[in-house]
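These numbers come from a predicted model, not from an experiment. Below, read A as the first sequence line, B as the second, and so on, with proteins coming before strands; counting in each chain starts at 1.
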Protein chains: 2
Amino acid sequence: MLPESVIRKITTLVGKSHVLTAPEDRWCYAYDATDLEAMPDLVVFPGAAAEIARIVRWANEFAFPVVPRGAGTGRTGGSVPVAGGVVLVLTRLNRILEINPQDLVAVVEPGVITGRLQKAVEDYGLWYPPDPSSADFCTIGGNVAECAGGAMAVQYGVTRDYVLGLEVVLPTGDIIEAGSRTMKGVVGYDLTRLFLGSEGTLGVITRIILRLTPKPPCRQTLAAGFVNLAAATAAVGRILTSRLTPTALEFMDQATLACLQNLLPLTLPPEVAAVLLLAVDGHPHDVAERAERIVGVCRELGAVLVAEAKQTAVAEQLWQARKSISPATVRLRPQKVSEDVAVPLSAIPSLVTEVQEISRRLGLPIICFGHAGDGNIHINVLYDRKVERERLAVPLAVEEIFKLTRRLQGTLSGEHGIGLTKAPYLSLELSPTAIALQKRLKAAFDPHNIMNPGKIFP
Amino acid sequence: MLPESVIRKITTLVGKSHVLTAPEDRWCYAYDATDLEAMPDLVVFPGAAAEIARIVRWANEFAFPVVPRGAGTGRTGGSVPVAGGVVLVLTRLNRILEINPQDLVAVVEPGVITGRLQKAVEDYGLWYPPDPSSADFCTIGGNVAECAGGAMAVQYGVTRDYVLGLEVVLPTGDIIEAGSRTMKGVVGYDLTRLFLGSEGTLGVITRIILRLTPKPPCRQTLAAGFVNLAAATAAVGRILTSRLTPTALEFMDQATLACLQNLLPLTLPPEVAAVLLLAVDGHPHDVAERAERIVGVCRELGAVLVAEAKQTAVAEQLWQARKSISPATVRLRPQKVSEDVAVPLSAIPSLVTEVQEISRRLGLPIICFGHAGDGNIHINVLYDRKVERERLAVPLAVEEIFKLTRRLQGTLSGEHGIGLTKAPYLSLELSPTAIALQKRLKAAFDPHNIMNPGKIFP
């Protein structure tokens with residue numbers, strides 16, 4: 001528990017209206033998009049980096065945890081305050097400080113909603129490509145802390161590839177700037193990319209300099225249905241290695257399609273076992289030509305349905321349906337565990353096939369969908385908490401999926417991070433030496449372990 | 001000096017033919033592409049990561065420096081053994097272990113010449129985009145250690161953007177793997193990108209997993225000459241903000257052009273004060289249309305010469321001339337200091353204009369060329385060591401250039417790193433707090449400071 005005196009100090013610093021002390025209020029910041037929850041001792045909405053720095057100094061002095069939080073849309077428990085302490089909700093730091101079309105940069109605070117940033121830069125004819133499915137409600141600070149990906153990563157990369165510089169409150173309470181507003185920079189160690197994906201354990205990000213790109217003049221969306229999984233994954237391989245440079249290449253298996261009934265603006269023949277959803281960007285002639293060649297590849301590999309969405313409305317519906325998969329899984333089961341392993345591209349067929357086998361063997365619905373174009377497959381293990389058999393099978397399924405992923409030379413997380421949920425499995429991927437080094441690195445930043453403790457490391 | 005017993009141990013480990021002890025032999029590994037030199041106590045050509053690990057353990061036990069070295073083409077003294085010790089020349093680790101067109105990855109050892117890798121992947125219709133000017137003789141390990149850039153970075157990014165995973169011998173002698181062979185990955189702290197640009201101070205890179213891309217089907221090269229600097233830099237701004245996405249956008253000022261006489265396959269009108277050299281990549285229609293629009297922009301801004309190199313031979317000559325600038329500077333002066341600052345795109349005109357002013361004021365030839373498309377301008381301060389006035393003016397010029405760069409919100413190094421030459425200026429860019437954090441980070445990796453000591457930090 002936080003001493004009363006500390007609560008008073010913090011309240012005086014940020015103002016009474018920016019602090020939550022009542023249990024029912026604090027409870028709203030106890031959880032994220034997993035089913036984990038832990039009660040914070042205090043919830044604070046700081047208004048400036050200097051306030052955060054003061055609170056962090058007190059955390060070192062009075063030994064309490066500090067847990068930074070954006071919109072709480074994380075999928076691995078990264079912002080759940082497992083050790084109590086102060087949750088710093090960064091939603092008040094929500095200003096777009098600058099959009100500069102000459103320098104092709106934006107400077108933003110961490111609490112900016114990603115979708116708001118995307119729209120704001122579009123007014124300048126510019127583009128911020130990373131597009132996590134939660135873009136309409138997640139924050140850019142959370143995207144940086146987790147190194148969020150999304151469907152556009154195939155061609156355009158992930159959050160990491162767009163962050164040029166950061167202002168960060170270190171776990172010691174010092175404020176530093178990392179990186180710069182230049183496209184290139186190699187001065188000292190790359191702290192900017194070290195903070196990327198560090199899950200709030202190395203500091204509180206308070207300002208972000210982002211690289212923007214010109215918006216491609218034309219985009220076309222394509223959907224292709226296949227009667228078997230093998231044909232769909234073969235099409236993925238062919239498209240990726242045939243100079244067709246898709247912007248997005250998403251995959252949905254049959255169970256996923258069942259969740260999406262009535263949400264897809266397509267009438268799928270009942271025999272369709274997998275759908276690929278693609279986008280192609282660029283100049284109009286080339287988009288048309290590449291789209292045609294992609295359609296050719298899909299038809300050649302036996303696609304039974306190919307839809308070319310030239311109308312923006314249909315394309316938007318298709319992408320909206322894709323973004324709705326996660327909430328739509330409640331149609332099959334009320335609960336789920338959402339994994340996001342990534343495998344080498346050639347291993348996608350084995351991954352999906354063997355996951356379906358695990359699903360059958362354990363009698364649990366497991367759906368596979370997501371970013372086939374970069375091997376980052378979302379595997380959702382669905383269950384009903386009230387059914388003991390299902391509840392008990394979930395951890396078995398998760399462990400089998402992770403072991404399978406490692407056997408295929410894959411990684412436990414493509415874009416969600418480790419947080420709490422994957423921490424027990426960390427040693428499946430990192431050697432004891434690598435984990436020890438990572439812990440020394442954490443200690444070099446955070447000698448008193450006050451910043452988001454209990455995350456990443458088991 | 002290294003104890004005789006240590007030299008014997010190392011010789012027994014790697015074999016007599018892989019060790020240099022004679023001063024005249026060691027001298028060949030005392031310098032890099034700067035004019036700095038320092039004699040190593042021993043030069044070793046290890047044949048495996050396990051050998052390196054043993055040597056590094058001895059370095060901790062017997063307290064001697066270990067300095068990794070590729071081809072010695074660095075421009076900031078990064079591989080110069082200022083504190084003596086063992087230079088580890090990694091040229092024997094020169095195998096391309098795998099090129100996998102299904103997974104779109106290559107696995108290589110650090111001593112592979114970058115140009116050899118580029119050619120090898122082209123046989124598979126694939127592409128490794130980073131293309132430093134020294135590609136024909138530098139090593140990929142050095143590229144990773146310095147985070148090398150090159151002309152293609154405008155559209156395709158730098159070395160950092162292509163490294164998926166690494167095997168590294170840590171300064172403790174442990175061997176770890178960082179990253180993976182997947183396109184995405186966020187498991188634990190991003191050690192892969194931390195090693196990128198760490199200049200051999202955090203470990204010895206012994207294996208590299210690289211991301212490859214399909215080679216763009218079409219490329220066109222363009223050259224445009226302008227009678228004044230302002231028009232040339234205005235064209236850079238217009239091209240970058242007009243959705244024309246050049247692959248490369250290189251700039252050469254008048255003094256640079258003087259160095260290149262007879263090397264450029266163009267007859268430049270005498271009034272030309274600056275040349276832009278561009279490449280446009282992609283699908284054929286798109287390339288043709290963008291090239292035409294770029295020509296339009298250049299003409300509109302007063303270009304007096306526009307060459308469209310549709311013949312590959314001419315295009316190759318143009319790019320070869322660009323890569324020859326650095327050696328060609330001897331035509332103006334025998335010595336040079338080569339800086340590679342980067343500024344925000346809108347600051348390029350001010351940078352180049354003010355550098356010319358510094359040149360006039362100090363009476364030193366200073367040439368500006370390089371990667372205008374990402375704001376990374378190579379500023380070469382030319383001098384004759386035998387002319388005292390020039391020799392003494394060089395450090396004044398360098399300091400003025402760095403201060404100017406910082407005033408323009410730029411960074412001291414876009415792609416060469418800090419090494420020895422820029423270490424005295426580090427505090428122009430990083431705060432005392434940031435430097436202290438970076439030193440703690442170094443200590444977490446290298447408690448006895450044996451790995452490439454004396455670099456980065458002043």
Q: Answer with side chain, backbone, both or neither: which region of A/E146 has an atom nearer than 4.5 Å to a non-hydrogen atom of chain B?
A: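 A/E146 touches chain B through backbone heavy atoms alone.
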
Q: How would you list, in number order, the residues of residues 158-165 of chain B that have a heavy atom less than 4.5 Å from chain A?
A: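 B/V158, B/R160, B/D161, listed by number.
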
Q: The criterion is side-chain hydrogen bond (donor to acceptor under 3.5 Å, both in side chains); which residues satisfy it with B/E415, sequence neighbours excluded?
A: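 side-chain hydrogen bond (donor to acceptor under 3.5 Å, both in side chains) check on B/E415 returns A/K184, B/H371, B/H378.
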
Q: Tell me whether the rings of B/H285 and A/H285 are parallel (<30°), tilted (30 to 60°) or perpendicular (>60°).
A: tilted

Q: What pairs with B/P447 under side chain to side chain contact (heavy atoms under 4.5 Å, CB included), at least two apart in sequence or on another chain?
A: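 Scan of B/P447 (side chain to side chain contact (heavy atoms under 4.5 Å, CB included), adjacent residues dropped) gives B/T172.
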
Q: Return the minimal non-hydrogen interatomic distance between B/V186 and A/H416, and the atom names on each side.
A: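 Between these two residues, the closest heavy atoms are CG2-N, 4.0 Å.
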
Q: Where on B/T433 is there a heavy atom nearer than 4.5 Å to chain A: the side chain, the backbone, both, or neither?
A: both

Q: Answer with side chain, backbone, both or neither: which region of A/I435 has an atom nearer than 4.5 Å to a non-hydrogen atom of chain B?
A: neither

Q: Is it the side chain or the backbone of A/N376 that comes within 4.5 Å of chain B heavy atoms, both, or neither?
A: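 The side chain, not the backbone.
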
Q: Partners of B/E292 by salt bridge (charged side-chain N to carboxylate O under 4.0 Å, His left out), sequence neighbours excluded?
A: none

Q: Contact part of B/L412 toward chain A, heavy-atom cut-off under 4.5 Å: side chain, backbone, both or neither?
A: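 Interface part for B/L412: both.
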
Q: Is there a donor in the side chain of A/D103 and an acceptor in the side chain of B/S346, or the other way round, less than 3.5 Å apart?
A: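 Yes - a donor-acceptor pair under 3.5 Å links their side chains.
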
Q: For B/K422, is it the side chain, the backbone, both, or neither that has a heavy atom closer than 4.5 Å to a heavy atom of chain A?
A: neither

